[in-house]
Student: 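Here it is: the structure, laid out below.
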Amino acid sequence: MLPEFYQTCFQRQLTATQFITLKLLVLLLQFHKQVRIERLAALWPEPILFESRRRRLQRFLVLPVVNIKNLWFPVIKHLIKVNFRKNHQLLITIDRTQWRETNLFVASLIWDKRAIPLYWLILPKRGCSNLIEQKQLLRPVLSLLKNYQIVVLGDREFGSVGLAQWLNLKHVGFCLRLKQGRYIQAEQEQYKRLDSLGLLPGMSCYLQDVKVTKQVGFGQFDIACKWQGKYHRRVTKEPWYILTNLGTLSTAISAYEKRSGIEAMFKDCKTGGYNLEGSHASDNRLVSLVLIIAIAYSCAILQGKQIKLKGVQKYVCRLKEKHHQDRRHSAFWVGLYGELWLDIFLSCTKDVCELMRLKPNKSLNFYRGLKAASLIQSCL
């Protein structure tokens, strides 16, 4: 179910028919976790021919009003206003995911070990993005979040001094990982490769005012270097070299460590959740399908957080185990499967009541479970 503020935002932009269509699409996505238009059309609950249902969905996905800035940006503004303070530093990570001929380039907000997609592009090629495409992705995001402190995070694909200089001119923080073969030059020293600094596992250092390329016209930046020590008897293969303007080693490393949230998001949107890679839609329709996924994904996260706050997530999933440091399931998983569990529970009420009648010795447990189901329902 869409939260009230989602509905308010969408009703301002869409007609009544378009709004209901969007609600049904999000509902189908949450319950069937499939983004293929053929599959969505097969499940579409309108009493018309299958081919008519398929064409209707295709037409909806290419409507001019169904776009990121109209429908998604107002929701994001509200989410950030409610969940982040004005002086809070927002971590924006950029990355790509690719399947077959599709190359999806996404900028996301890191939130509670996950990433919420903010803006995305379909690149008309395979492989890495260039500086022009990176600016094209980030400009709408920087404009949307202009009243907040922003730090952009990127892996080795985005470790260019060109992007760093552009972000610096816009007074935006950044942590961009460099390849270990990159040449640097400290004051009054010769150029040398980063992997010649002599770092060993457990060591770290912070280099200030370093020239990172032999090309003229670029300023000097800081580099935060860290090689993680042994963790659970494992040693990482290589150190991090982070191009940054945040000023300290601890700030830069702490920010960059959160970049992995976008990897978790990609997994949730693909094999771990909505099976995005199964889509064969055209680029225009795919951008709209990712918008539907972003709406469904954020709704599931909000529902999961509410379920956790009420302390009834143990009725939805296994909790964190004592010998594991990390929790077993995210707020997204709890919200998604909490709604599924409740829907099946309500649709099988007659059989469930009969089961409870046949097990009178479990009546207290059943009472607690019914109370938990009521609390979960209040979150949806």
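Every heavy atom of this structure was used, including side-chain atoms; hydrogens, water molecules and symmetry mates were not. Position 1 is the first residue of the sequence; numbering continues from there.
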Student: Are E133 and R96 ion-paired here, with the side-chain N under 4.0 Å from a carboxylate O?
Tutor: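 Salt bridge: no.
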Student: According to a hydrophobic-cluster definition based on side-chain heavy atoms being under 4.5 Å apart (Ile, Leu, Val, Met, Phe, Trp, Tyr only), do F50 and L40 belong together?
Tutor: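 The answer is no; the residues belong to distinct hydrophobic clusters.
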Student: Decide whether Q11 and Y6 meet the rule of one side-chain donor and one side-chain acceptor closer than 3.5 Å.
Tutor: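 No donor-acceptor contact under 3.5 Å links the two side chains.
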Student: Checking S298 side chain against A294 main chain: does a donor-acceptor pair fall under 3.5 Å?
Tutor: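 Yes, the answer is positive, given that a donor and an acceptor are paired below the 3.5 Å cut-off.
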Student: Is the shortest side-chain heavy-atom distance between D222 and L207 below 4.5 Å?
Tutor: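 Of all side-chain heavy-atom pairs linking L207 with D222, none is under 4.5 Å.
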Student: Look up atom CZ in F5 and atom CG in L79, then write down how far apart they are to the nearest 0.5 Å.
Tutor: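 These two atoms lie 4.0 Å from each other.
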Student: Can you find a heavy atom in the side chain of L138 that is under 4.5 Å from one in the side chain of V172?
Tutor: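 No, side chains not in contact.
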Student: Before giving the answer on side chain to side chain contact (heavy atoms under 4.5 Å, CB included), spell out for S288 and V62 the whole-Å C-alpha distance, their side-chain angles and the decisive distance to 0.1 Å.
Tutor: CA-CA 7 Å; S288 297; V62 295; over 6 Å; no
Student: How close do I293 and C269 get, heavy atom to heavy atom, and via which atoms?
Tutor: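 Nearest heavy atoms, I293 then C269: CG2-SG, 3.7 Å.
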Student: At their closest point, which heavy atom of V65 faces which heavy atom of Q13, and how far apart are they?
Tutor: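 The answer is CG2-O, 3.3 Å.
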Student: Can you name the closest pair of heavy atoms from G173 and L246 and give their distance?
Tutor: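 Nearest heavy atoms, G173 then L246: CA-CD2, 4.1 Å.
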Student: Please check this pair: side chain of Y119 against backbone of P140, looking for a donor-acceptor N/O pair closer than 3.5 Å.
Tutor: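 Side chain of Y119 to backbone of P140: no pair is present.
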Student: Can you list the steps and then say if N130 with K125 is a side chain to side chain contact (heavy atoms under 4.5 Å, CB included)?
Tutor: CA-CA 11 Å; N130 56 41; K125 62 179 185 180; 3.6 Å; yes
Student: Is the backbone N or O of E263 less than 3.5 Å from a side-chain atom of K267, with the two atoms forming a donor-acceptor pair by type?
Tutor: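 Looks like no, no N/O pair under 3.5 Å.
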Student: Is L14 close to L63 at the side-chain level, that is, under 4.5 Å between some pair of heavy atoms?
Tutor: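 Sidechains of L14 and L63: no contact.
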Student: Just so I know, are the side chains of L109 and I76 near enough to count as touching, which here means a heavy-atom distance under 4.5 Å?
Tutor: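 They are not in side-chain contact.
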Student: Around L364, counting heavy atoms of other residues, nucleotides and ligands shown, do more than 12 lie under 6.0 Å from its CG?
Tutor: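 Yes, because the 6.0 Å sphere around CG of L364 holds more than 12 heavy atoms from other groups.
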Student: Can you list every ring pair (Phe, Tyr, Trp, His ring centres under 6.0 Å) pair that touches residues 286-307, not counting sequence neighbours?
Tutor: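 Residue pairs with at least one partner in residues 286-307: Y297-F332.
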Student: Is there a donor-acceptor pair closer than 3.5 Å between any side-chain N or O of T251 and the backbone N or O of T248?
Tutor: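 It does not hold such a pair.
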Student: Parallel, tilted or perpendicular, judged at 30° and 60°: which one describes the rings of F221 and F174?
Tutor: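 Perpendicular: the ring planes of F221 and F174 meet at over 60°.
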Student: R39 and side chain to side chain contact (heavy atoms under 4.5 Å, CB included): which single residue from H32, Q34, K33 fits?
Tutor: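 For R39, the side chain to side chain contact (heavy atoms under 4.5 Å, CB included) check succeeds only for Q34.
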Student: Of all heavy-atom pairs between S279 and V35, which one has the smallest distance, and what is that distance?
Tutor: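 Looks like CB-CG1, 3.8 Å.
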Student: Check whether any side-chain heavy atom of V75 sits under 4.5 Å from a side-chain heavy atom of I295, and report yes or no.
Tutor: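 The answer is no; the side chains never approach within 4.5 Å.
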Student: In Å and rounded to the nearest 0.5 Å, what is the CG to NZ distance from N147 to K81?
Tutor: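 Output value for this atom pair is 11.0 Å.
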Student: With heavy-atom distances below 4.5 Å as the criterion, would you say the side chains of N365 and K359 are in contact?
Tutor: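 Of all side-chain heavy-atom pairs linking K359 with N365, none is under 4.5 Å.
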Student: I'd like to know whether I80 forms a side chain to side chain contact (heavy atoms under 4.5 Å, CB included) with L144, so could you lay out the CA-CA distance, the side-chain angles of the two residues, the decisive distance to 0.1 Å, and finally the verdict.
Tutor: CA-CA 11 Å; I80 292 176; L144 175 69; 5.6 Å; no
Student: Quick check on Y367: does its OH atom have over 12 non-hydrogen neighbours (other residues, nucleotides or ligands) under 6.0 Å away?
Tutor: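 It does not: Y367 OH has 12 such atoms or fewer within range.
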Student: Is the shortest heavy-atom distance from the side chain of Q18 to the side chain of F10 under 4.5 Å?
Tutor: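 A side-chain contact under 4.5 Å is absent here.
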Student: Is atom CD of E354 surrounded by more than 12 heavy atoms (other residues, nucleotides or ligands) closer than 6.0 Å?
Tutor: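 More than 12 heavy atoms, drawn from other residues, nucleotides or ligands, come within 6.0 Å of this atom.
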Student: Would you say R259's side chain and V152's backbone share a donor-acceptor pair under 3.5 angstrom?
Tutor: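 No.
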Student: Does some side-chain heavy atom of R54 sit less than 4.5 Å from a side-chain heavy atom of E38?
Tutor: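 When only atoms from C-beta onward are counted, R54 and E38 do touch, with a gap below 4.5 Å.
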Student: Can you sort out the partners of Y256 under ring pair (Phe, Tyr, Trp, His ring centres under 6.0 Å), two or more places apart, ordered by chain and number?
Tutor: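 In terms of ring pair (Phe, Tyr, Trp, His ring centres under 6.0 Å), with neighbours along the sequence ignored, Y256 is linked to W240.
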Student: Working to the nearest 0.5 angstrom, can you tell me the gap between L142 CG and L167 CG?
Tutor: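 CG of L167 is found 7.0 Å from CG of L142.
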Student: Do any N or O atoms from the side chain of R53 and from the backbone of A41 form a donor-acceptor pair under 3.5 angstrom?
Tutor: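 Yes.
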Student: Is it true that a side-chain atom of S374 and a backbone atom of L370 form a donor plus acceptor pair closer than 3.5 Å?
Tutor: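 Flag not set: sc S374 to bb L370 has no pair under 3.5 Å.
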Student: Does a side-chain N-to-carboxylate-O contact under 4.0 Å join R177 and E238?
Tutor: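 Yes, R177 and E238 are salt-bridged.
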Student: Following the transitive rule for hydrophobic clusters with a side-chain heavy-atom cut-off under 4.5 Å over Ile, Leu, Val, Met, Phe, Trp and Tyr, establish whether L131 and L121 coincide in one cluster.
Tutor: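 Shared cluster, yes.
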Student: Nearest 0.5 Å please: distance from the CZ atom of F31 over to the CG atom of L43.
Tutor: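 Here the rounded value is 12.0 Å.
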Student: What distance separates R357 CZ from L355 CG, expressed to the nearest 0.5 Å?
Tutor: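 The distance works out to 10.0 Å.
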Student: Ignoring hydrogens, what is the shortest heavy-atom contact between C205 and L249? Give both atom names and the distance.
Tutor: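 For C205 versus L249, the nearest heavy atoms are O-CD1, 3.6 Å.
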Student: Measure across Q98 and G127 and return the closest heavy-atom pair with its distance rounded to 0.1 Å.
Tutor: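 For Q98 versus G127, the nearest heavy atoms are OE1-N, 3.1 Å.
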Student: Using 0.5 Å steps for rounding, measure from the OG1 atom of T102 to the CD atom of E277.
Tutor: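 Going from the OG1 atom of T102 to the CD atom of E277 covers 11.0 Å.
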